[in-house]
Amino acid sequence: MAGLGKARVLSIALLLLTFAAGVLAGVAWRGNRPASPPAEEESAEEQSDRDGRRLVIDEVGLEPAKRAEVDEIVRHYRATMRALNDEFDAAFEPRRRGLVRATLDSIRSILSPEQLATYDSLRANRVRGRNENSDSAGDRDRGRSDRRPNR
């Protein structure tokens, strides 16, 4: 039975590490996306062109009045989705940060002093590199409320 308990603990630990890696990859991906102007400033057609994808509605051949209605619907959707994303981030960001911190602390706890020094140095360099990349993006990212700060 003791072997089964160890296997269960190991499985849970691996699952948590996999989850943390996924979260960190998601944060890195989200942070590297190019900035986009607010949806209110461009039509759905302009947005679909900018994304390199066309909306299915673009294939229908709408007259201008209907197109304006579709644009308004899409603007409302995007604004609502942004609000939902903000709400989601506010609710789960503290838990995500806690999980990441706990994972990093667990990793640090098993390292030798020499490994710990190397690990901390490498992590500091990586964070510094992310901050430099963020700064080199220039004004593109300034004022974006959907961008999480670098950690």
Side-chain angles (χ1 to χ4, degrees), residues 7-111 116 118-151:
R8 188 172 285 161
V9 169
L10 182 58
S11 295
I12 291 171
L14 288 173
L15 181 62
L16 288 174
L17 285 173
T18 302
F19 175 75
V23 167
L24 292 173
V27 168
W29 177 80
R30 185 175 183 181
N32 289 330
R33 287 189 325 213
S36 60
E40 294 78 23
E41 295 177 7
E42 56 186 331
S43 71
E45 186 173 359
E46 291 167 333
Q47 290 169 351
S48 65
D49 288 342
R50 177 183 44 81
D51 292 340
R53 294 173 286 164
R54 304 280 303 167
L55 299 174
V56 173
I57 197 69
D58 295 336
E59 307 296 322
V60 175
L62 296 174
E63 57 272 4
K66 292 273 188 196
R67 183 71 221 196
E69 288 181 59
V70 168
D71 289 346
E72 184 56 36
I73 291 168
V74 170
R75 276 189 208 95
H76 179 264
Y77 160 80
R78 291 180 189 260
T80 304
M81 186 58 77
R82 269 194 310 277
L84 182 61
N85 283 337
D86 291 345
E87 182 181 330
F88 182 82
D89 285 348
F92 292 103
E93 183 65 12
R95 287 179 55 193
R96 188 197 66 78
R97 282 186 185 180
L99 178 59
V100 169
R101 175 56 39 212
T103 301
L104 295 175
D105 289 346
S106 294
I107 291 169
R108 292 179 87 250
S109 73
I110 65 168
L111 299 177
L116 183 59
T118 301
Y119 179 77
D120 287 344
S121 174
L122 291 170
R123 280 199 33 83
N125 286 339
R126 183 158 301 171
V127 169
R128 194 171 23 261
R130 275 195 306 249
N131 289 338
E132 288 170 3
N133 287 340
S134 164
D135 291 343
S136 69
D139 295 330
R140 174 181 86 192
D141 294 325
R142 301 213 197 292
R144 282 190 59 199
S145 61
D146 65 337
R147 179 102 190 255
R148 287 188 185 132
N150 289 321
R151 291 175 243 329

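All values derive from a computational prediction rather than experimental measurement. Values reported hereafter were calculated over all heavy atoms of this structure, with side chains retained and with hydrogens, waters and symmetry mates removed.
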Tell me the closest heavy-atom pair linking [X] and [Y], and the distance in Å.
X: R67; Y: I57; value: NH1-CG2, 4.2 Å
X: L111; Y: L116; value: CB-N, 3.9 Å
X: R54; Y: D58; value: NH2-CB, 3.5 Å

task: Decide yes or no on side chain to side chain contact (heavy atoms under 4.5 Å, CB included) for L99 and R95, but give the supporting numbers first.
output: CA-CA 6 Å; L99 178 59; R95 287 179 55 193; over 6 Å; no

For the atom pair [atom1] ([X]) and [atom2] ([Y]), what is the distance rounded to the nearest 0.5 Å?
X: N125; Y: S121; atom1: CG; atom2: OG; answer: 4.5 Å
X: T80; Y: N85; atom1: OG1; atom2: CG; answer: 11.0 Å
X: R123; Y: D120; atom1: CZ; atom2: CG; answer: 8.0 Å
X: E87; Y: F92; atom1: CD; atom2: CZ; answer: 9.5 Å
X: E132; Y: R128; atom1: CD; atom2: CZ; answer: 7.0 Å
X: R108; Y: R101; atom1: CZ; atom2: CZ; answer: 7.5 Å

message: Counting C-beta onward and ignoring hydrogens, is there a side-chain heavy-atom pair between L104 and Y119 closer than 4.5 Å?
response: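 Result yes, sub-4.5 Å side-chain heavy-atom pair found.
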
- prompt: Can V60 and K66 be said to form a side chain to side chain contact (heavy atoms under 4.5 Å, CB included), step by step?
  reply: CA-CA 11 Å; V60 175; K66 292 273 188 196; over 6 Å; no

- request: In plain terms, say whether R97 and E93 are close enough for a salt bridge, that is, a side-chain N and a carboxylate O under 4.0 Å apart.
  value: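 Salt bridge flag = yes for E93 with R97.
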
message: One pair to check against salt bridge (charged side-chain N to carboxylate O under 4.0 Å, His left out): R82 and D86. What are the steps and the verdict?
response: CA-CA 6 Å; R82 269 194 310 277; D86 291 345; over 6 Å; no

